[in-house]
Each structure stands twice: as structure tokens, then as C-alpha cells.
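Please read the structure below before turning to the comments.
Values in this document were obtained by computation on a predicted structure and should not be read as measured data. We name chains A, B, ... by the order of the sequence lines, and we start the count at 1 in each one.
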Number of protein chains: 2
Amino acid sequence: MDDIDLIRNFSRTYTHRLGLLSKSYLGSGLALSEARLLHDLDRAGPVKARELAQGLGLDEGQTSRILAGFARRGWIRRARDEADSRQRPLHLTEAGRAQLEVLRLASRTAIAEATAPLGAAGLAALARVLDQASDLLRPPQPPLLRGLLPGDAGQVIARHAALYARDEGYDQSFEALVAEILAAFLTRNDTTRERGWIAQSPGGRMLGSIFCMAEGPEAPQIARLRLFLIEPEARGTGLAQRMIEACLGFATAAGYRQMLLWTHESHQAAGRLYARNGFALVASSPARAFGREVIDQTWQRDLP
Amino acid sequence: MDDIDLIRNFSRTYTHRLGLLSKSYLGSGLALSEARLLHDLDRAGPVKARELAQGLGLDEGQTSRILAGFARRGWIRRARDEADSRQRPLHLTEAGRAQLEVLRLASRTAIAEATAPLGAAGLAALARVLDQASDLLRPPQPPLLRGLLPGDAGQVIARHAALYARDEGYDQSFEALVAEILAAFLTRNDTTRERGWIAQSPGGRMLGSIFCMAEGPEAPQIARLRLFLIEPEARGTGLAQRMIEACLGFATAAGYRQMLLWTHESHQAAGRLYARNGFALVASSPARAFGREVIDQTWQRDLP
DNA sequence: CTGCAATACTTGATTTTGTCAAGTATTGCA
DNA sequence: TGCAATACTTGACAAAATCAAGTATTGCAG
């Protein structure tokens, strides 16, 4: 079962269990197309009929008839455009908004009934998962950089372990190492000298992580960039650059004079990124780590 | 935005971006209902028309007409039931299966086109997320207990941290502690004396965890049950009992004579579970931990 | 400034699909 | 034996979608 079959499979399960996709609106006397149209009318400014039709993939003729019905029922006002009187910019009236609320309640009831067997916790889990799907389906928005919340460290560990196991064949000792690094970071809790960032999509999916950590009490002027990871689907979007800038900026402000980082030769895209940001390769040595032969690299740059 | 609004929101986004729910089948000349019906006909044994109609929420009359069309095109055979000649048990023919494959390819192409803007990694992420949703929507299947895979330890940490922060207000020192415990467990990698189990749904969602760990070299006969957590939506299903049995069974087989565990007074359901499984409360003391006042409990039982 | 293509929407004709109610044949059972 | 229930079909109709042609208006090339 590949990715596309999984999606097909979901579509079937979903329409089966939540048949409301096509019917729930009958309770309020509106057809699905009418409901979708009414929903799309709910904007700040005026809308053009053609835009609506194209946005929903509806026939223009059908759209025209449905809109006529809305106007008859007083749900929309059709103005006349001063500059171009072919257009009839549409506005939802108060009555239209009220109808939209009726619709919303009907659809909520239908969903609540259809998901009743899941229980409250199951519903919450479903909502969380579907919200992530919505987030993926939306046109990509610039990610947010934020500090760590409960559970983030665990997720950073999980994603490091899963991706490095898949792409590099690392064994579980790598997951142990990452867990140790993060456990120590959280325990020190030195918020003035150390910081972690999570990149997240507007919908809350974790897209990556980066950490600035102190090298240690014996080298107070040296910071280390660690646990820099970006999810595959967020690579090549300029996010990496933003994250590294946040990290360098913090390290500089915190008074460090130098930053180190450790990576592997095989991460070539990462290497180019470090080079572009003023890092230089200062050491390189073959090593056996996490069940694999790798070539360790140490990069370094001075901070302003 | 509550759970139900998130689901509503997903429905809209999904139908908008993957409008194929209603149309893609036109490429193959079949209406949505026809496609769904054909799909549901694909079973080992014979099917009754009424079952199909009810399963899909279709009108029986409509179903009858569509099935007549299928028979005309040679996609199904309508037998006559020996015992009850009112029924006409349905079988998909080879031609019917071929048509189903045509449909499958058309729908795959449509999904591939609609998801093209996501890229391969985005598609994989979407498929992973929607597969979890399918899993939640399916009637619950008995969970699986399995060993740890890469990323599991991280997820165990994340879920402990997130749930205890939400329900008990624990701060990040708790996440650090869990990460430390797991890092040490993975590093020891003592597979004969220690083991962790992940409970997962058939679709792969993590539903819980439990670990049997050695108390330490100074007490070789004592095992400790740790990191026992069950996701809210999987509570009250008997899963906890299965997990504790797996853990006790392993500890006994590994030669331990006694098992300890540590919990808090506020976890009353857990306390009852431990009592039912032969544990006795041996110590109880107020403590300040993870930013909260709690009452620590130690439970203990002998192993056979 | 004229005429023709393009735009924004409407209307009509037709097909497709869904719905409701009545119809046939058969079974089970009091 | 007869009557309700079951399994499916058919007819009549309504709703929705589709295709094509229609009106009014605008923009712009010549």
C-alpha cells in the first residue's frame, strides 16, 4: 500500500463513517453545493460569482441559479459595480450569516453523532490528526520559530531517530545519544546561555529543530549548534537559513565568541549551508558510530 | 476552534483540494455511487443487494437500477439463492474486477495530480497522517504489543511530557527525567534482562508503553516497572491489563524475584490496576516534584 | 468611433441522479 | 390458509448537474 493508496483508503473510510460530506445539510434544507457556496460567500469584501464558481468547481449556470435563490431568500445582496456593470458583487447579509450559523450547528450535530462511538478522547485524537492534514493541504505558509513546549524534546528525539534510521541506517544508540543530549539540556535549563527552537507550520506540525548549547564550563566562549533537523517536506524552502540565523543571532547576543558544530560528510546540502553562513571545515575523520561507518566533520566560525 | 470545528474545517479543505471525492470517476464514466457500489462488491463471497445499499446509505431503488446496469455490462453475476429465491446473491466477474482496476488507476491519477504541489515528501507526510485518521475511524481492533523501533523512545518521552504537563501541570524537568531514563535504557541495551513494549493500533498509532527495567547491579533480583502510559483514547479497554501481564511475564521469565513501581496517589485507576495484579502499596510520602506537590507511592509484589 | 472578441452573468433544454411510494414474488409463521 | 415480513424491482417525480445558447457590457485593434 503506497502513499496514494493510503489516501484512497482514507477517502473511502471517511466518506463511509462521516457520510455527512454529502447529506448532513439536508437537515437544513440546503444541498451540498448551496452550503459550500454560502460558506464561501462569508468574506469581508464583495465576491464575484465567477470566482465562487471556479473556486468550488461548480458550473456557472448552476451557481447563477443558486445565487438567485439566495437573493430571493434575502441571504445576499447583489450590488452593481460602478466601473463595470456586468459584474454584480455579492455581499452576505445578516440573514445570510444567520443561515450560515444554522448550517454550522446542523453540521456540528451530524459530526458529533457520527463520531460518538469514538468517545471524547478519540474525537480529540481524530481532530488533532485531521488538523495536521488540513495544515498539509493548505498552501504552504511561512513556518514559525518558537521555544520548546512540553513534548517537543521527545518529538525532536523521535524524529532524529526515525529519519536517521531510515536514511542512514543508524541504530538505537543514536536515539540514546540524542535523548541524553536533550535530557542534559532540559536539566541545565540555562535560558540565558542556551536555547532551542522548534520550527512549526501555522497548523502546529513540527517541521524542524535547532539548538544553541554551551560547549561547557571549561570553554565559556564557545557555543555549539546541535540537533539541527528539518523534516523532508520542509527542505529547500529557506527554513534552514532562518533557523541558523536565529541560532547565530542568539549565540552572538549571549556573548559567545565562537560556534562549533558536528556533522557528517554525507550531509552535503547541510555542508553548503554551513559554508554559506561563515562556517569552515576544521576537522574531518572517519569513525564508526551508531552501527555505521561515517566521516565526522567539525565546522567552526567566529561570532562578531 | 474546538475538535468538531477542526473536523469541519478539514472536511472543507479536503473536498476543496481533492475535489475528486465527487468527480474523478467521471473519467471512467462512472458516477460516485456506482464506483462505491462496485468497490463494495469486491469480496470473497456473495453479497446481498440490500446489504450493499445499507452499507453505503444508498436508496434501494437506486441500488437496484445501478446493479441492473452492472449486470448488463457483464460486471456482476446475479445468482439465485437455492434456499430463498427472493435473494439474488451478487458476484463480481473478472470483467467487473478489471473495471475496478480501471477505476483505481483513474482515482490514483486524480490524487497524484491534486497532491502534486505537495511534493513527494509532503505526499508521504499527508498519507501518514490520513492513515492515522483511517485507523481512528475504523472500528477499534485489539492493539498489538511490540518491541521498540527507532523513534519510539522519543515518542514515549513526548507523550509522557505532553500528557503529564496537560493533566498534572508537570514542568520540563519531568521530560528531562523521562529522557534520561530512556537514554540509559537504550544505552544498556540489555535485551535479556530489560525490555520495553509499545502498544500500537493495527494502523500504527502508538497507544501506550510499558517497560521492565533492572533495579540495578546491587539488587539483581529486583525489577522495576516504568514508563507505563496509555493514551486517553485507549483507556478502559483492557489494554492496560494486557500490558502489565506482558511485563510481569517477562520479568518472571528473566528470573527476577520481585517487582517495584513508583506512581502518584492521584492516579487512582492505575492504583486499582496494580492492586488487582498482586502489587501492594509499601510506601507513600509527600514530595515536591516537577513543579508540583504530589504524594509519591511505591508498590511492590513478589514474582513466582 | 466602429465593430468584434472577450467578459460576466443568465436562461433554457436535457440528462443524470436521487427520492418516495407502490409493485411483484417469495418466505415464515400463527 | 392467510397475512405480515423480506428481497428486490419499477414507476413517477423532484432535485441537481451539465451543456449550450442567450443578453448586456467592456476593452481594444484598426
Between CG of Leu30(A) and C1' of dA15(D) the distance, given in whole Å, is 13 Å
With heavy atoms under 4.0 Å as the rule, sort Thr63(A) into base, sugar-phosphate or nothing.
nothing
Rounded interatomic separation in angstrom, taking CD1 from Ile66(A) and C1' from dT11(C):
15 Å
Is Arg104(B) atom CZ crowded by more than 12 heavy atoms from other residues, nucleotides or ligands, each under 6.0 Å away?
yes
Can you find an N or O donor on one side and an acceptor on the other, under 3.5 Å apart, linking the side chain of Arg65(B) with the base of dT19(C)?
yes
Test: Glu34(A) and Arg73(A) ion pair at under 4.0 Å
yes
d(CD, Gln54(B); P, dC8(D)) in whole Å:
10 Å
Between P on dT9(D) and CG on Leu67(B), what's the gap in Å once rounded to a whole number?
7 Å
May I ask you to test the Ile230(A)-Leu207(A) pair for a side-chain heavy-atom distance under 4.5 Å?
no
Does a side-chain N-to-carboxylate-O contact under 4.0 Å join Arg108(A) and Asp2(B)?
yes
Output one letter per nucleotide in nucleotides 21-30 of chain C: B when a protein non-hydrogen atom lies under 4.0 Å from the base, S when only the sugar-phosphate is that close, - when neither is.
----BBS---
Of all the choices, dT6(D), dT10(C), dA8(C), which nucleotide is nearest to the side chain of Arg78(A) once you look at every atom?
dT10(C)
Examine dC9(C): is either OP1 or OP2 under 4.0 Å from a nitrogen or oxygen in the side chain of Arg88(A)? Give yes or no.
no
Salt bridge present between Glu60(B) and Arg65(B) (N-O < 4.0 angstrom)
no
Interatomic distance where CD belongs to Glu34(B) and C1' belongs to dG18(C) [whole Å]:
12 Å
For the pair made of CG in Leu32(A) and P in dT17(C), what is the distance, rounded to whole Å?
16 Å
Between Arg8(A) and Asp5(A), is there a salt bridge with N-O shorter than 4.0 Å?
yes
Establish, with yes or no, whether the OP1 or OP2 oxygen of dT17(C) is under 4.0 angstrom from a side-chain nitrogen or oxygen of Arg36(B).
no
Check the phosphate of dA8(C) against Lys48(A), side-chain N and O only, distance under 4.0 Å to OP1 or OP2. Yes or no?
yes
Is there a side-chain contact between Pro232(B) and Arg166(B) (heavy atoms, below 4.5 Å)?
yes
Would you please confirm or rule out a distance under 4.0 Å between OP1 or OP2 of dA16(D) and any side-chain N or O of Ser33(A)?
no
Counting the atoms with a prime plus P, OP1 and OP2 as sugar-phosphate, which does Glu60(A) contact under 4.0 Å by heavy atoms, base, sugar-phosphate, or nothing?
base
Rounded to the nearest Å, what distance is computed from the CD atom of residue Gln62(B) to the P atom of nucleotide dA15(D)?
16 Å
According to the Watson-Crick and G-U wobble definition with distances under 3.5 Å, which dot-bracket string, read 5' to 3', encodes DNA chain C, using [ ] for crossing pairs and | for pairs with another strand?
||||||||||||||||||||||||||||||
Leu37(A) atom CG is separated from dA16(D) atom P, nearest whole Å, by 13 Å
Less than 4.0 angstrom from a charged side-chain N to a carboxylate O is my criterion; do Arg146(B) and Asp152(B) meet it?
yes
Indicate whether the side chain of Arg77(B) and that of Thr93(B) have a donor and an acceptor atom separated by less than 3.5 Å.
no
Close side-chain approach of Asp59(B) to Thr63(B), heavy-atom, < 4.5 Å:
no
